[in-house]
2 protein chains.
Amino acid sequence: MSGLDQTDLAILRILAADATRSAAEIGRSVGIGQSAAWRRIRKLRESGILGGRRVVVDNAALGFGVTVFLGVRLAAKGRTSLDEFERAVTAIPEVQTVQHVLGQFDYRLRIIARDISDFERILRRRIMTLPGVGQVEANVMLSEERLPGPLGTLG
Amino acid sequence: MSGLDQTDLAILRILAADATRSAAEIGRSVGIGQSAAWRRIRKLRESGILGGRRVVVDNAALGFGVTVFLGVRLAAKGRTSLDEFERAVTAIPEVQTVQHVLGQFDYRLRIIARDISDFERILRRRIMTLPGVGQVEANVMLSEERLPGPLGTLG
DNA sequence: GTTGAAAATCCGGTCAT
DNA sequence: ATGACCGGATTTTCAAC
């Protein structure tokens, strides 16, 4: 199905850590030529395994020092409730991620605020007034560490 | 403090969406030349606002179709408990993100599994056996939407 | 499947305004 | 601060193996 060999996985591992590496450099690292490495990378992009490149923006440096995760349980959850909630929540500027989940909550939100009192304003004025919101649970982020994930040990 | 003008914010917005855009192209989009755009981008990097570039890897295409968020509450939380837990949890290959948080839970984990039964194995064999684990809450992700966040409306 | 090379593009820096 | 220019590196294509 996937048709990925060890070389492809090695390339993915390198690019996942640092997308600025050149095709020539990657080729040297995995033992193939620059042209071959570039063609493999293009194929990974075309097959959808490799998506777009994103820069990491330091929100704290922009004045947004507080990140809060919010579990939201809807009071009623028909189809229109989900659609309405999603449409309203994606319109809030401070909401960075909306995850539809299964379990104790229906949605998990990643929210960026300038400080705690700014977060309180967002919570009271924007979140609690959303259509159909029931139980809400907040967790303030202290630190975050991203790991290579399964890619690091695949193959 | 930050000293960012509208042009800098526009550049950040463009790069946050797609890091492959060239300095010349970005310059055209925001109404300045290639050299000026490149200088601003370098300054944003040097000031730490702009971090490294990362590629987006489609985990489902690699055979990991299930993403689960796990809230973990530690039984005892002295300094050694936190250190021990973090060291053990970062060694689990399927753990993609470790967030130290404040609130009902102490840690939030993003876990990637091949399927639900694979996740059950990870939960029972790897997570529940971690040192000091108390209450655990799981949410299976159905869909995820990333938004521009505060950057989209800043300025 | 691979390599090597040529053309187009981009980066990074210098200079003058 | 800005735009113009330039050498070197990189990307991308293409011919050949």
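Naming: A, B, ... by sequence-line order, numbering from 1 per chain.
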Is there any protein nitrogen or oxygen under 3.5 Å from a nitrogen or oxygen in nucleotides 8-12 of chain C, and what are the pairs?
| unit_1 | atom_1 | unit_2 | atom_2 | d |
| --- | --- | --- | --- | --- |
| dC11(C) | OP2 | Ala23(B) | N | 3.3 |
| dG12(C) | OP2 | Trp38(B) | NE1 | 3.1 |

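- By the 6.0 Å and 45° rule, Arg114(B) stacks over the aromatic ring of Phe64(B).
- Proximity of Thr97(A) to Leu109(A): side-chain heavy atoms (C-beta onward) are nowhere separated by under 4.5 Å.
- Per the geometry, CD1 belonging to Ile32(A) stands 10 Å off P belonging to dG1(C), to the nearest Å.
- Positionally, the nearest nucleotide of DNA chain C for Ala37(A) lies more toward the 5' end than for the other of Arg39(B) and Ala37(A).
- A donor-acceptor contact under 3.5 angstrom links the side chains of Arg21(B) and Ser29(B), judged on distance only.
- What separates CD1 of Ile41(B) from P of dG13(C) is a distance of 14 Å, to the nearest Å.
- At the phosphate of dT2(C), OP1 or OP2 sits under 4.0 Å from a side-chain N or O atom of Arg40(A).
- Taking the side chain as every heavy atom from C-beta outward, Gln135(B) and Gln104(B) approach each other to under 4.5 Å.
- The interatomic distance linking Lys43(B) (NZ) with dT2(D) (P) rounds to 10 Å, in whole Å.
- Checking Thr20(A) against Arg53(A) by side-chain atom types alone, no donor-acceptor pair falls below 3.5 Å.
- Using modelled atom types, no side-chain atom of Asp8(B) and backbone atom of Leu4(B) make a donor-acceptor pair closer than 3.5 Å.
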